[in-house]
Amino acid sequence: MHEQDSNAGHIQLSGELDAATVPRRLRESENWFESGQETVIDLSGVKRVDSAGVALLLEWVRDAHARHATLSFINAPAQMRAIIDFCALNDVIRLRATD
């Protein structure tokens, strides 16, 4: 599930980011990134994540880059940060503590 903030470019995610939910979330995100714009995805509502969820973040990073947009993630849960650390993706997936 996601909720797009009235502040364009701020997206609040909630629920799970796992193999079962990633395909739907990828379809929902097709138009999130606009050239020259910054998008911030707030992950504070994510309750469960697996490697498929982290792969989704990578796909979003690629999509934003392809559209010449800036993307960052805030409030990543500990489980997600652990997977990102383990996979040495800290330089690719920009995590910020809070917005």
Side-chain angles (χ1 to χ4, degrees):
M1 220 175 173
H2 85 277
E3 177 180 309
Q4 196 145 0
D5 196 316
S6 59
N7 177 8
H10 188 107
I11 298 163
Q12 173 74 48
L13 291 182
S14 61
E16 299 181 352
L17 282 180
D18 58 16
T21 63
V22 162
R24 175 180 48 84
R25 289 182 182 267
L26 187 57
R27 284 189 304 275
E28 292 173 350
S29 67
E30 287 179 357
N31 298 308
W32 283 2
F33 311 112
E34 295 181 31
S35 182
Q37 299 296 313
E38 178 180 12
T39 300
V40 176
I41 298 178
D42 187 339
L43 302 162
S44 61
V46 174
K47 302 303 178 204
R48 183 181 174 288
V49 65
D50 64 12
S51 59
V54 173
L56 177 62
L57 299 188
L58 284 171
E59 185 62 29
W60 286 338
V61 168
R62 281 190 286 264
D63 287 352
H65 181 70
R67 293 186 172 124
H68 306 288
T70 304
L71 174 62
S72 58
F73 302 95
I74 59 172
N75 303 316
Q79 184 182 24
M80 179 178 281
R81 289 191 315 269
I83 295 169
I84 291 169
D85 287 344
F86 180 78
C87 295
L89 294 170
N90 293 305
D91 290 338
V92 179
I93 299 175
R94 294 178 42 206
L95 298 178
R96 296 189 332 222
T98 188
D99 193 25

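It should be emphasised that the depicted structure is a prediction, and the values quoted were computed from it without experimental measurement.
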Original post:
Taking all non-hydrogen atoms of both residues, which atom of V49 and which atom of V54 are closest, and how far apart?
Top reply: CG2-N, 4.3 Å
Subject >> Residue pair L17 / T21: nearest heavy atoms and the distance that separates them >> reply: CA-OG1, 3.6 Å
Side chains of [X] and [Y]: closer than 4.5 Å at any heavy-atom pair?
| X | Y | result |
| --- | --- | --- |
| I74 | H10 | yes |
| F73 | V61 | yes |
| I84 | L57 | yes |

**OP:** List in chain and number order the residues that pass side chain to side chain donor-acceptor pair (under 3.5 Å) with S72, two or more places apart in sequence or in another chain; answer none if no residue qualifies.
**Re:** R96
Subject >> D63: partners by side chain to side chain donor-acceptor pair (under 3.5 Å), with sequence neighbours left out >> reply: none
Output all residues satisfying salt bridge (Lys or Arg N to Asp or Glu O under 4.0 Å) with [X], sequence neighbours left out; order by chain, then residue number.
| X | answer |
| --- | --- |
| D18 | R48 |
| R94 | none |
| E59 | R62 |

Can you list everything that forms a side-chain contact (heavy atoms from CB on, under 4.5 Å) with [X]? Sequence neighbours excluded, please.
| X | result |
| --- | --- |
| A52 | A19, V22, D50 |
| T39 | I11, F33, I41, L71 |
| P77 | L43, V46, M80 |

Subject >> Spacing of CZ belonging to R25 relative to CD belonging to E16, to within rounding of 0.5 Å >> reply: 8.5 Å
**OP:** Kindly state each residue pair satisfying salt bridge (charged side-chain N to carboxylate O under 4.0 Å, His left out) with at least one member in residues 66-88, sequence neighbours excluded.
**Re:** none
